[in-house]
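Worksheet: the structure to be examined is printed underneath.
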Amino acid sequence: MSRPPNRATLFAAFLSIGLSGFGGVLPFARRTLVERRGWMTAEEFNETLSLCQTLPGPNIVNVSVVVGARSGGWTGSLAAVSGLMGAPVVIVLALAALYDRFGALPAARGAIAGLGAAAAGLVAATAARMAEPLLKPGHLVAAAPVMLAAFAAVGLMRAPLPYAMLLLAPLSIAMARRLRP
Amino acid sequence: MSGSGAVLAGLAAQFALLSLLAFGGANAVVPEVHRQAVSIHHWMGEQDFAALFAISQAAPGPNVLICTLVGWRVAGVAGALIATLAMCGPSCLLTYGVAKVWDRHRDAPWRAAIGAGLAPVAVGLVLATAYLLARAADSQWRLAAVTVVSAAVSWITKWNPLWCLGAAAALGAAGAFS
């Protein structure tokens with residue numbers, strides 16, 4: 001473990017994390033924080049991540065809050081989050097402005113159609129990777145029905161998310177409690 | 001559309017609520033963002049939503065950028081900033097507060113149960129996101145094939161997702177889907 005970073009270093013590190021990842025930046029966060037900067041061990045990263053995945057909100061944003069807070073209190077969190085979000089927000093707005101300006105051109109329309117189709121596939125793969133550890137034999141038996149229920153309620157029946165969460169989350173947590181050894 | 005105060009306040013309230021419901025990250029609330037933006041408020045059409053999501057994936061950075069773009073479509077740059085701040089702010093505050101007490105309860109059984117219980121819900125929600133995006137984006141069989149191939153490649157290999165996005169965009173620019 002190297003010594004805790006100051007705010008400028010935190011900002012710079014999360015700036016590079018924000019700019020390096022496409023369609024999710026967690027792998028880059030791990031590489032930067034654990035391997036390149038040595039601010040946390042792999043175990044610490046995993047624990048931080050598991051906390052941040054349990055809490056609501058964009059996972060990587062939560063990770064930056066925790067890492068920032070550890071070394072610089074709330075201003076450290078602010079430095080980390082603004083480093084993470086600042087550049088991507090500017091870039092995505094520039095891309096969107098280009099889309100509005102040139103989106104009607106046939107080549108741009110085709111490119112956007114291809115991008116959209118590929119992006120849907122990437123999200124499906126994310127879901128598959130998230131599901132893998134839950135569907136292994138010996139793990140939580142009830143994972144599959146809960147997954148299907150959440151998918152059907154929100155994806156097929158288009159139920160409002162707050163109601164779906166209010167129903168499914170307590171149910172699933174209660175089942176997880178009972179099924180755990 | 002320019003951002004009147006009421007519109008901005010509505011955006012802020014909606015994304016602040018979603019921030020606290022986003023178990024499983026930003027991808028898990030995309031179905032709700034889609035429902036609000038397309039079905040309820042008619043801020044944009046199905047195709048436009050799919051295009052904005054595609055752009056958010058083609059930009060570097062966290063998945064939460066789809067919220068930035070929905071805010072932008074509704075109320076320009078002010079809307080983009082408000083939506084982003086509202087989507088990140090409440091969950092950041094919660095995380096900041098909880099991180100301090102969390103370590104003390106590292107081995108508490110309720111902690112493991114919450115994590116284990118929320119995980120399958122999150123998977124179902126991300127799956128719903130994929131389904132809705134595919135439904136919006138795959139207007140013909142070639143595009144559906146792109147979705148399937150990109151899902152398979154991204155699941156099986158560890159390649160940078162940019163390869164899938166880039167190849168699909170290049171195919172489209174060359175007229176493969178027209």
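We name chains A, B, ... by the order of the sequence lines, and we start the count at 1 in each one.
At a 4.5 Å heavy-atom cutoff, the contact between Ala80(B) and chain A is made by side-chain atoms alone. Neither the backbone nor the side chain of Val148(B) comes within contact range of chain A; no heavy atom of the residue lies under 4.5 Å from a heavy atom of that chain. Of the atoms belonging to Ala159(A), it is backbone heavy atoms, and not side-chain ones, that fall under 4.5 Å from chain B. For Ala122(B), the parts lying under 4.5 angstrom from a heavy atom of chain A are both the backbone and the side chain. Only the side chain of Thr84(B) comes within contact range of chain A, with heavy atoms under 4.5 Å apart. Contact annotation for Leu132(B): only side-chain heavy atoms (C-beta onward) come within less than 4.5 Å of a heavy atom of chain A. Proximity to chain B is limited to the side chain of Ile60(A), based on heavy atoms less than 4.5 angstrom apart. Of the atoms belonging to Asn160(B), it is side-chain heavy atoms, and not backbone ones, that fall under 4.5 Å from chain A. Residue contact with chain B, scored on non-hydrogen atoms closer than 4.5 Å, involves the backbone and the side chain of Ala113(A) alike.
Interface summary for chain B: among Leu148(A), Val65(A), Ile17(A), the most heavy-atom pairs under 4.5 angstrom belong to Val65(A). When each of Leu65(B), Val77(B), Leu20(B) is checked for heavy-atom pairs under 4.5 Å with chain A, Leu65(B) comes out on top. Comparing Val123(B), Leu81(B), Val30(B) by heavy-atom pairs within less than 4.5 Å of chain A, the highest count is held by Val123(B). Ranked by non-hydrogen atom pairs under 4.5 Å with chain A, the options Val149(B), Leu118(B), Leu18(B) are led by Leu118(B). Comparing Met87(B), Arg142(B), Arg35(B) by heavy-atom pairs within less than 4.5 Å of chain A, the highest count is held by Arg35(B). Most heavy-atom pairs under 4.5 Å with chain A: of the set Leu94(B), Leu127(B), Thr129(B), this distinction falls to Leu127(B).
Taken from OG1 in Thr9(A) to CZ in Arg37(A), the straight-line distance is 7.0 Å, to the nearest 0.5 Å. The structure places CG of Leu69(B) at 8.5 Å from CG of Leu95(A), a figure rounded to the nearest 0.5 Å. In this structure, the separation between CH2 on Trp39(A) and CG on Leu10(A) is 5.0 Å, given to the nearest 0.5 Å.
No donor-acceptor pair under 3.5 Å is formed between the side chain of Arg7(A) and the backbone N or O of Gly68(A). Judged purely by atom type and a 3.5 angstrom limit, Thr147(B) uses its side chain to pair as donor or acceptor with the backbone of Ala117(A). The closest donor-acceptor contact from the side chain of Tyr131(B) to the backbone of Leu156(A) lies at 3.5 Å or more, if one exists at all.
Taking the side chain as every heavy atom from C-beta outward, Ser172(A) and Pro120(B) approach each other to under 4.5 Å.
Under a 4.0 Å N-O distance rule, the pair Glu132(A)/Arg129(A) does not qualify as a salt bridge.
Put simply, the residue from Leu162(B), Asn63(B), Leu52(B) that forms a side chain to side chain contact (heavy atoms under 4.5 Å, CB included) with Gln57(B) is Asn63(B).
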